[in-house]
Trainee: 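Take this structure, written in structure tokens, and hold onto it; I'll ask about it next.
What's counted below: heavy atoms across the whole structure, side chains too, no hydrogens, waters or symmetry copies. Along the sequence shown, residues carry numbers from 1.
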Amino acid sequence: MTTRTVDTAQELAAFLRTRRERLDPGDFDLPSRQQARRTPGLRREEVAELAGVSIDYVVRLEQGRGLRPSATVVEALARALRLAPEERSYLFDLTRQRPPHAGKPATTAAPPLARLVTDLSPLPAMVMNHRYDILAWNREMSRLLLDFDTLPPSRRNAMWLCLMHPGMRDFYVDRERVVREGIAHLRAAWAAYPEDRALTDLIAEFTAHDDDFARLWAERDIKVNGRGRKVVRHPDVGTISVDFEVLMPLQNPDHRVVIYRAADDDSQSALHRLSPPQ
């Protein structure tokens, strides 16, 4: 992958093809056709029929000819392809049918949010932007993950740490799931911020240096996961299970406040040992 911003026409073409090819024709009430299927998924003419557009229009979209479908057509394609909510949002971003983000991406935490993560102690908490850059954190999060003050600002990135930091490659018990979910978020951010050169360069770095990232990025999964559970192997206190919640402040839409809570009593005890009350 080259270090370029999003070529929306080509990405739209690839996304539509992959979503069409994953569908099972048997799940649709389509007219029977005599000719055998040579490729997986729905045919282009079937997508056109389901979406109420011409076959030629679908062909031109999948060839990346720079068409910009209307919001009505985008919605019809989303229904025809049975896109999940995150995939639908991604399609609207690629076709520029959602309002663009105002201003430049955040590179520092808004002061009220920086104070908030401190006040959230003893819960581990941090502020990130859409690139997974870690902008602010509290003592508990630093003790759980690693001392962010020892890293240059350019390396305070949650995905970079997971993929590239030698001490964290085995930190997550289910590393592939964590990486897969992170990639799905980054792909959604890539479409929502198509001119963010720093994000594009970061994705290019990951693709060039991590085979797992390159493989999963090519699958074009789209999912913004705002809640879930992670299990980590901490070098000092052993296995810890945490539930996480991601909040997006209305006044700072490029910020994400990430809060961890112990998922069980043993994990709570481990967190207490990591960060005893001061």
Trainee: Got a sec: does the CG of Asp147 have more than 12 other heavy atoms crowding it under 6.0 Å?
Mentor: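 More than 12 within 6.0 Å, yes.
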Trainee: Could you work out, with salt bridge (Lys or Arg N to Asp or Glu O under 4.0 Å) as the rule, every residue matching Arg139, not counting sequence neighbours?
Mentor: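 For Arg139 there are no salt bridge (Lys or Arg N to Asp or Glu O under 4.0 Å) partners, ignoring immediate neighbours.
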Trainee: Considering only Ile, Leu, Val, Met, Phe, Trp and Tyr, and joining two whenever side-chain heavy atoms are under 4.5 Å apart, list the other residues clustered with Val173.
Mentor: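 When side chains under 4.5 Å apart are linked, the cluster holding Val173 also contains Val231.
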Trainee: Between Pro124 and Asn138, which heavy-atom pair has the shortest distance, and what is it?
Mentor: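 Looks like CA-OD1, 3.7 Å.
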Trainee: Could you tell me the separation between the CG atom of Asp174 and the NZ atom of Lys230, rounded to the nearest 0.5 Å?
Mentor: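 One gets 11.0 Å once the value is rounded to the nearest 0.5 Å.
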Trainee: Arg220: what forms a salt bridge (Lys or Arg N to Asp or Glu O under 4.0 Å) with it, not counting sequence neighbours?
Mentor: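 Salt bridge (Lys or Arg N to Asp or Glu O under 4.0 Å) list for Arg220, sorted by chain: Glu11.
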Trainee: With a 4.5 Å limit on heavy-atom distance, are the side chains of Glu205 and Met164 in contact?
Mentor: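 Yes; the side chains approach each other to less than 4.5 Å.
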Trainee: For the residue pair Asp133 / Asn157, report whether a side-chain donor-acceptor contact shorter than 3.5 Å exists.
Mentor: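 Judged by distance alone, the side chains do pair up.
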Trainee: Connecting only ILVMFWY residues whose side-chain heavy atoms lie within less than 4.5 Å of each other, what is the rest of Val59's hydrophobic cluster?
Mentor: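 Result for Val59 is Ile55.
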Trainee: If the condition is side-chain hydrogen bond (donor to acceptor under 3.5 Å, both in side chains), which residues does Asp170 pass it with, not counting sequence neighbours?
Mentor: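 Expected list: none.
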Trainee: CG/Leu77 to CG/Leu61 distance, rounded to the nearest 0.5 angstrom?
Mentor: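 Taking CG in Leu77 and CG in Leu61, the distance rounds to 6.5 Å.
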Trainee: For Met128 and Met126, work out which heavy atoms get closest and say how close.
Mentor: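 For Met128 versus Met126, the nearest heavy atoms are SD-CE, 4.0 Å.
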Trainee: Using a strict threshold of under 4.0 Å (side-chain N to carboxylate O), is an ion pair present between Arg177 and Glu181?
Mentor: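 Between Arg177 and Glu181 there is a salt bridge, with a charged N closer than 4.0 Å to a carboxylate O.
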Trainee: Could you tell me which residues satisfy salt bridge (Lys or Arg N to Asp or Glu O under 4.0 Å) with Glu86, sequence neighbours excluded, listed by chain and number?
Mentor: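 Glu86: salt bridge (Lys or Arg N to Asp or Glu O under 4.0 Å) contacts with Lys223.
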Trainee: According to side-chain hydrogen bond (donor to acceptor under 3.5 Å, both in side chains), who are the partners of Thr95, at least two apart in sequence or on a separate chain?
Mentor: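 Not a single residue meets the side-chain hydrogen bond (donor to acceptor under 3.5 Å, both in side chains) criterion with Thr95.
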Trainee: By side chain to side chain contact (heavy atoms under 4.5 Å, CB included), which residues pair with Pro153, not counting sequence neighbours?
Mentor: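 Checked Pro153 against side chain to side chain contact (heavy atoms under 4.5 Å, CB included); matches are Arg156.
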Trainee: Which residue pairs pass the side-chain hydrogen bond (donor to acceptor under 3.5 Å, both in side chains) test when at least one of the two sits in residues 59-68, sequence neighbours left out?
Mentor: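 Of all non-adjacent pairs touching residues 59-68, those that pass side-chain hydrogen bond (donor to acceptor under 3.5 Å, both in side chains) are Arg20-Glu62, Arg44-Glu62, Asp56-Arg60, Gln63-Arg65.
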Trainee: Among pairs that include at least one residue of residues 122-141, which meet ring pair (Phe, Tyr, Trp, His ring centres under 6.0 Å), considering only residues two or more places apart or in two chains?
Mentor: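 Passing the test, one end in residues 122-141: His130-Tyr193, Tyr132-His185, Trp137-Phe148.
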Trainee: What pair of heavy atoms forms the shortest contact from Pro253 to Arg256, and how long is it?
Mentor: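 In terms of heavy atoms, the two residues are closest at O-NH1, 3.0 Å.
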Trainee: Ser275 and Glu140: side-chain hydrogen bond (donor to acceptor under 3.5 Å, both in side chains), yes or no, with the steps?
Mentor: CA-CA 6 Å; Ser275 301; Glu140 288 78 7; 5.0 Å; no
Trainee: Taking only residues two or more places apart in sequence or in another chain, which ones pass side-chain hydrogen bond (donor to acceptor under 3.5 Å, both in side chains) with Asn252?
Mentor: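 Per chain and number, Asn252 pairs via side-chain hydrogen bond (donor to acceptor under 3.5 Å, both in side chains) with no residue.
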Trainee: With sequence neighbours left out, write down each residue that passes salt bridge (Lys or Arg N to Asp or Glu O under 4.0 Å) with Asp210, or none if nothing qualifies.
Mentor: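 With sequence neighbours excluded, Asp210 shows a salt bridge (Lys or Arg N to Asp or Glu O under 4.0 Å) to Arg169, Arg175, given in chain and number order.
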